[in-house]
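Have a look at this one.
Given the structure is predicted, the values throughout are model-derived calculations rather than measurements. Just so you know, these numbers use all the heavy atoms, side chains as well, and skip hydrogens, waters and symmetry mates. Letters go in sequence order (proteins before strands), and every chain restarts at 1.
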Amino acid sequence: MNVIRFFYLLGIAISLTLAWIFFPGPRTEAGARAPSTVKWVPSLDDTEEFCQFDHPEWRKAQTIEGVEIEEDPQCKPDNPYLVASVVKGTDRVTMPTLMKTRLAMDAVVKKDDRDGDGDPDVIHIKLEVAELNGSTPDGDFFIPGYRIAPGLTPGIWVFAPKMRGMATVDAVNLDANRMLRAPSPPIRVEQGDTVYLTLENSHYLPHTIHLHGVDHPYTRADGQGNDGVPVTSEKMLMPGQKRTYEIKPRQPGTMLYHCHVQTDKHMLMGLQGMFIVEENRPNNWLQTFNIGAGKVRHRSQANRKQFDQEYDLHYQSLDKERYQPIQAYNDPRLVAKGMNRDYNITDSNENFFLLNGEAFPYTLRDSLVVVEPEQRIRLRVANGHPHTLGLHFHGHKTTAISADGVPLDAPVTRDVHGLAPAQRLDLVLDTHDDGLHSFGEGAWLMHDHAEKSVTSDGLGPGGDIGLVVYRKYLDQNGFPKLQGMDPVPFFNRWFYQKQVPVWARSEEWAIFADAAPLPPNTIRVIISGVFLGLALGLLVALWRHWRKGQ
Amino acid sequence: MKRLQTCLWPILLLPMLAFGGHRMDMDSMVMNENPMTLPEGCQKIAGDQKITVHAGRKHAKKFPGVVFAYDQQSWDVDPCTRLTVHFVNDDDIRHQFMVHGLPEKTYPEGMFTIEVSGPGEETASFILPPYKKTYLVHCDIAQHTEHGMKAQIKVAGGDKDLASLPGLTKPVRPDRYPTVWNTQSVIFLVLALAGGLVLVWGGRWLFKAMSD
Ligand SMILES: [Cu+2]
Ligand SMILES: [Cu+2]
């Protein structure tokens, strides 16, 4: 009796094992002829234009309210009205100009020409904190939305100039408005200015500002902490509160400002920006904010004397695991636990790499360095990555003239400049075609040579790839003329989701596109099916046998 | 004559609205203020109602997990009422009282907004339409709505309740918290287990009874 049941069970076990062994696997062998190629045609709905921009007239050189604004011929230049507003002060420009920006009236207030040299010397700057691509209790979407590349919406925190009105474009389009973007904007002040930098913490977590490398006293005039460090200097600034940092920088140079709360999270979430102290000169009206970094459209007096152009280049990276809590939860307690205790930076890797707040191909729209032959251009570079940045220029060897705001005794000319985390270098890009500083005109690549940085979550080309583009390699839309592969796939929202082949867009390249999947091997399907049936039959027989025995 | 007057009012007021509807200074901003123009369907201003709305961190403290809130999450207003909002910001940062879904003919983009730039207050009024409808009120500073600064105005009782109003309504996408078993849940599990056993025995008894 029991022996029979044992044999039934043994039979079932053997049949199931054989069914499992013969069941078709995830991959199937082709016969004499490999499967055909799947043709990928990017749908128009899922593909962006190379250059979508509603204000081409912003590109040309212009004077707004007496403020001279340099030409910026690339696809998406900075808003010239915003440039004029932050140069003159948001309380001094006329209402029509200010209304063409989203700046608050008290965002940048400039007063008191104390040394009588024709420019204001007491500067009040107000910053808020904004979360981009955060979750919402109102549905499965992120708000305010911000894409670093087509289809990529990582969670980011930024310091932003104090704004007015909606965070989104309007009531229908829930993308962040133009001013709310990464990186935290470069701030420019003049050497010797008295600067009141107020942080209005509009975010739901605590933050501070640490003025990294900027000459600042340890305490303010009233004895309160001024260093931004939550342990040594001051308490964390709670949601809904404000704090003013007071500085009077005696030395010029390229510095940083960043949040000093849980720096392995907050600073690397994007709460870091460039802080530039310009040399004191007469009539030195400075562009207090450079939204989105990149080209400085109203330069300092000293810079205009020595150089033909100036650019701010801010490199930073993002970690999927670090920002995951802000996209998974709303409750700040769950976000705090997820970030402070579940996330572990020592076990993790960066996934997205940004130049001026965006990844390739968006860097082609507004982070180009557009040059003419025989220019000298100052590039202020900040490394916000947690790794060493190996900044490489194709076609050029640039010269480092200053590091961390201190002029170098011996300038260094190289094609790879190393920047430690948080380090800044001032580079001179010389476009004289002498075979050393420049190899001539072109659309030359510029990127971190730590190769992961030229990918977006491991998919390339992406990451912080930028270009030094000579003017004649720019089309009338301000987009670089590319002679290589078709850039359409890069602008398709599925490309960086890894849903489509990287090489597919020509007849010739079909050889590298996706092969059609194969149906499972028929013999295996039959054998596996037979054994499954056998197991089932034995099971029924066993059950009947058991019932009879009762 | 009266009808003519009603028709003429909006036309006469248009140029005034273009300038008068918006005001802004260092401390506050008002957009689409409208104390006079009747929204379509209103014959006259049915009445005046004044509310004082406080906004800030401290009003969220009674709701666990909420960071910013108004002191009230829902207001009832009669149709065609002129609502005067006295908006008080109790924080050191910006907050807004922004109404959406108003008729776009009278309110560009369907919005009425008061923004107070820091600690302070501002007052402005607007006229509500005649229909039974619920209007969204929120603060559109990045992540403020999401962290509690959301409310509703119900005209004539409203046509629904909005989701995720602190203390009032459930979110569309609620957070998920860690699960912990307590005595009650263990007792329920044991009882349910016993219930399952009873079901089997009951089923067997029924089966036998039927086959006999
Ligand atoms: Cu922080
Ligand atoms: Cu608010």
- Task: Sort by residue number and list every member of residues 331-339 of chain A having a non-hydrogen atom under 4.5 Å from chain B.
- Result: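 Near chain B, by residue number: Asp331(A), Pro332(A), Arg333(A), Leu334(A).
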
TODO: Using a cut-off of under 4.5 Å on heavy-atom pairs, state which of Ala160(A), Gly139(A), Ala167(A), Pro137(A) scores highest against chain B.
DONE: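 Sorted descending by pairs with chain B, the first entry is Pro137(A).
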
Nearest 0.5 Å, please: how far is CG in Asp140(B) from CE in Met163(A)?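 It comes to 8.5 Å.
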
State plainly whether the residues Asp138(A) and Lys150(B) are in salt-bridge range, i.e. N to O under 4.0 Å.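 Yes, Asp138(A) and Lys150(B) are salt-bridged.
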
task = For the pair His147(B) (side chain) and Asn330(A) (backbone), establish whether a donor and an acceptor sit closer than 3.5 Å, ignoring hydrogens and angles.
result =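 Checked: pair present.
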
Subject >> Derivation and outcome, side-chain contact (heavy atoms from CB on, under 4.5 Å), residues Glu146(B) and Glu131(A) >> reply: CA-CA 11 Å; Glu146(B) 292 67 30; Glu131(A) 176 168 310; over 6 Å; no

Notebook entry, point to check: Any idea which of Arg176(B), Arg94(B), Glu109(B) has the most non-hydrogen atom pairs under 4.5 angstrom with chain A?
Noted result: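 Of the candidates given, the most pairs with chain A belong to Arg94(B).
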
Checklist entry - Side chain, backbone, both or neither: which part of Thr198(A) has a heavy atom under 4.5 Å from chain B? => result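 When you check distances to chain B, no heavy atom of Thr198(A) falls under 4.5 Å.
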
- Query: Looking at Ala130(A), Ser135(A), Pro144(A), which makes the most heavy-atom pairs under 4.5 Å with chain B?
  - Reply: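 So the answer, after comparing Ala130(A), Ser135(A), Pro144(A), is Ser135(A).
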
- Query: Hey, what do you get for CG (Asp91(B)) to CD (Glu200(A)), rounding to the nearest 0.5 Å?
  - Reply: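 Nearest 0.5 Å value for the CG-CD distance: 10.5 Å.
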
Checking an interface table here. Which of residues 61-75 of chain B come within a heavy-atom distance under 4.5 Å of chain A?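 Contacts with chain A: Pro64(B), Gly65(B), Val67(B), Phe68(B).
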
Q. CD/Glu128(A) to CD1/Ile93(B) distance, rounded to the nearest 0.5 angstrom?
A.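 So the CD of Glu128(A) and the CD1 of Ile93(B) are separated by 7.5 Å.
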
Practice item. Report the C-alpha separation of Gln96(B) and Met166(A) in whole Å, then their side-chain angles, then the decisive distance to 0.1 Å, and conclude whether the side-chain contact (heavy atoms from CB on, under 4.5 Å) test is met. Key: CA-CA 9 Å; Gln96(B) 299 160 348; Met166(A) 306 185 78; 5.7 Å; no

(request) Please flag which part of His95(B) lies under 4.5 Å from any non-hydrogen atom of chain A: side chain, backbone, both or neither. (result)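 Neither part; nothing is under 4.5 Å.
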
Requested in this report: Report the C-alpha separation of Gln143(B) and Ile143(A) in whole Å, then their side-chain angles, then the decisive distance to 0.1 Å, and conclude whether the side-chain contact (heavy atoms from CB on, under 4.5 Å) test is met.
Outcome: CA-CA 7 Å; Gln143(B) 287 286 324; Ile143(A) 186 167; 4.0 Å; yes

(Q) Need one label for Lys162(A): side chain, backbone, both or neither, based on atoms under 4.5 Å from any heavy atom in chain B. (A)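 When you check distances to chain B, only side chain atoms of Lys162(A) fall under 4.5 Å.
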
Check each atom of Thr90(A) against the heavy atoms of chain B and say whether the ones under 4.5 Å are side chain, backbone, both or neither.
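The answer is neither part of Thr90(A).
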
What part of Ala104(A) lies closer than 4.5 angstrom to a heavy atom of chain B: side chain, backbone, both or neither?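 Nothing of Ala104(A), per the 4.5 Å heavy-atom cut-off to chain B.
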
Practice prompt. Below 4.5 Å from any heavy atom of chain B, which atoms of Asp170(A) appear? Answer side chain, backbone, both or neither.
Written response: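 It is both, since atoms from each part get that close.
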
Check: Contact part of Met238(A) toward chain B, heavy-atom cut-off under 4.5 Å: side chain, backbone, both or neither?
Finding: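 Contact with chain B involves no heavy atom of Met238(A) at all.
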
Quick one: which residues of residues 111-120 of chain B reach chain A at under 4.5 angstrom, heavy atoms only?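 Counting heavy atoms that sit under 4.5 Å from chain A, the residues of residues 111-120 of chain B involved are Met111(B), Glu115(B), Ser117(B).
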
Is Leu132(A) in contact with chain B via its backbone, its side chain, both, or neither, using a 4.5 Å heavy-atom distance?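 It is neither, since no heavy atom gets under 4.5 Å.
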
Which of residues 158-174 of chain B get closer than 4.5 angstrom to chain A, counting heavy atoms alone?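 Under the 4.5 Å heavy-atom cut-off, Ala163(B), Ser164(B), Pro171(B), Val172(B), Arg173(B) qualify.
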
*Which answer fits Met26(B), side chain, backbone, both or neither, if we ask what part of it has an atom under 4.5 Å from a heavy atom of chain A?*
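Both the backbone and the side chain of Met26(B) come within 4.5 Å of chain A.
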
| Any idea which of Ala171(A), Ala328(A), Gly165(A) has the most non-hydrogen atom pairs under 4.5 angstrom with chain B? |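 Most heavy-atom pairs under 4.5 Å with chain B: Gly165(A).
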
### Task
Please check if the side chain of Arg57(B) supplies one atom and the backbone of Pro239(A) the other of a donor-acceptor pair under 3.5 Å.
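Such a contact is absent between Arg57(B) side chain and Pro239(A) backbone.
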
